[in-house]
Amino acid sequence: MAATPSSFLKSSEVAAVSSLLGRVEAVDKMAKVGMNIAKVAVSAGVGEGGVARLAKSLADGRSMMRMGQWVKSSVNVQDSVNTVVNKEGSMGVLPALKVIRSVSDMGYKIGDNVTFLSKQGVIEADAPKWATATKRLQFTMFGIDALNASVALMNSTSTSRTPAVLARSVFDCLMVLQGTKWVPAYDSVPSWFPSACGMASGTIAATHLITDAVQSERKKREQ
């Protein structure tokens, strides 16, 4: 029997997406996909004016969603420090990377807040320098994510999603590499390439979030 509009609106998929739209992380990932699709379109010369404005609006919206998020990240830093030290009182390599990743995440969000407020004229700061520092912290985060996924695959501790997590992390590294200014030769890559990488990464992340939400909603309905 064909699904009616009424039955579709009451489906677990629609309920899951509706729930996701109330979560900052989910909205951010969806905006990331849309922003990078728009940037790729602009690079291809499609609808430069309106599409470019859409890309900027989505980028500004994502920065707004990250305002003050470093406070939550600071809690994660404290938690990672409290949990990574082993029974002998020493710290292993992977636990240490977890701390570095948490600190980088907090620093990235602070940097993003400062960059955004500076561009809006709210505060005085060297926006380009802050933006570069922010990209370097992001690259550190994504690099650690890629390393952790690679180790999981080699140690047979991976899950069905680990390959996708590795791919997402590599895409993210390629997305921000140009902004780090660490590899001058990377400046010569086509302007659409970093955006395409961001689009791929965002799609993987959004797909995982939606899948989890749908499965959770279905479990609720089965109870």
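Counting begins at 1 with the first residue of the sequence.
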Checklist entry - How long is the span from the OG atom in Ser63 to the CD atom in Gln69, to the nearest 0.5 Å? => result 12.0 Å
Checklist entry - Of all heavy-atom pairs between Leu58 and Ala31, which one has the smallest distance, and what is that distance? => result CD1-O, 4.1 Å
Checklist entry - Between Val75 and Gln78, is any pair of side-chain heavy atoms under 4.5 Å apart? => result no
Checklist entry - Taking only residues two or more places apart in sequence or in another chain, which ones pass side chain to side chain donor-acceptor pair (under 3.5 Å) with Asn76? => result none
Next on the checklist: Tell me whether the count of non-hydrogen atoms from other residues, nucleotides or ligands lying under 6.0 Å of CZ in Arg53 goes above 12.
Outcome noted: no
Next on the checklist: To the closest 0.5 Å, what do you measure between CG (Leu117) and CD1 (Ile123)?
Outcome noted: 5.0 Å
Item to check | Reported CD1-to-CG distance for the pair Ile144 and Asn148, which is rounded to 0.5 angstrom | outcome: 7.5 Å
Next on the checklist: Once rounded to the nearest 0.5 Å, what's the spacing between atom NZ of Lys129 and atom NZ of Lys181?
Outcome noted: 12.0 Å
Checklist entry - What is the distance from atom CZ of Arg218 to atom OG of Ser216, rounded to the nearest 0.5 Å? => result 11.5 Å
Checklist entry - Where do Ala125 and Ser118 come nearest, in terms of heavy atoms and distance? => result O-OG, 2.9 Å
Checklist entry - Could you give all pairs that pass the salt bridge (charged side-chain N to carboxylate O under 4.0 Å, His left out) test and reach residues 106-125, with sequence neighbours left out? => result Arg66-Asp112, Asp105-Lys109
Item to check | Distance (rounded to the nearest 0.5 Å) between Lys29 NZ and His208 NE2 | outcome: 12.0 Å
Checklist entry - What about Ile210 and Met35, same hydrophobic cluster or not, with Ile/Leu/Val/Met/Phe/Trp/Tyr joined at side-chain heavy-atom distances under 4.5 Å? => result no
Item to check | For Thr159 against Pro163, the heavy-atom pair lying closest together | outcome: O-CD, 3.7 Å
Checklist entry - Got a sec, which residues hit side chain to side chain contact (heavy atoms under 4.5 Å, CB included) with Ser104, two or more places apart in sequence or on another chain? => result Ile100, Leu137, Thr140, Met141
Item to check | Cluster overlap Trp192 with Val183, hydrophobic side-chain contacts below 4.5 Å | outcome: yes
Next on the checklist: Does anything in residues 137-165 form a ring-ring contact (aromatic ring centres under 6.0 Å, His included)? List the pairs, not counting sequence neighbours.
Outcome noted: Phe139-Trp182
Checklist outcome for this item: Heavy-atom closest pair (Ala152 atom, Thr162 atom, distance to 0.1 Å) is CB-CG2, 4.1 Å
Quick one: side chains of residues 193-206, donor-acceptor pairs under 3.5 Å with protein atoms, not counting sequence neighbours, listed by atom name and distance.
from, atom 1, to, atom 2, distance (Å)
Ser201, OG, Lys32, NZ, 3.2
Ser201, OG, Asp172, OD1, 2.6
Ser201, OG, Asp172, OD2, 3.0
Thr203, OG1, Met199, O, 2.7

Next on the checklist: Do Thr180 and Leu177 make a side-chain contact, defined as non-hydrogen atoms from C-beta onward lying under 4.5 Å apart?
Outcome noted: yes
Item to check | ILVMFWY cluster, Val33 and Phe171 together (side-chain gap under 4.5 Å) | outcome: no
Next on the checklist: Do Val122 and Phe116 make a side-chain contact, defined as non-hydrogen atoms from C-beta onward lying under 4.5 Å apart?
Outcome noted: no
Checklist entry - Transitively linked via ILVMFWY side-chain contacts under 4.5 Å: Val165 with Val151? => result no
Checklist entry - Any chain of hydrophobic side-chain contacts (each under 4.5 Å) joining Val71 to Val81? => result yes
Item to check | Set of residues satisfying salt bridge (Lys or Arg N to Asp or Glu O under 4.0 Å) with respect to Lys135, sequence neighbours excluded | outcome: none
Checklist entry - Looking only at heavy atoms, what is the nearest atom pair of Ser188 and Ala185, with distance? => result OG-O, 2.7 Å
Next on the checklist: Surrounding CE of Met64 (heavy atoms of other residues, nucleotides or ligands, distance under 6.0 Å), is the total greater than 12?
Outcome noted: no
Checklist entry - How far apart are the closest heavy atoms of Leu97 and Leu147, and which atoms are they? => result CD1-CD2, 3.4 Å
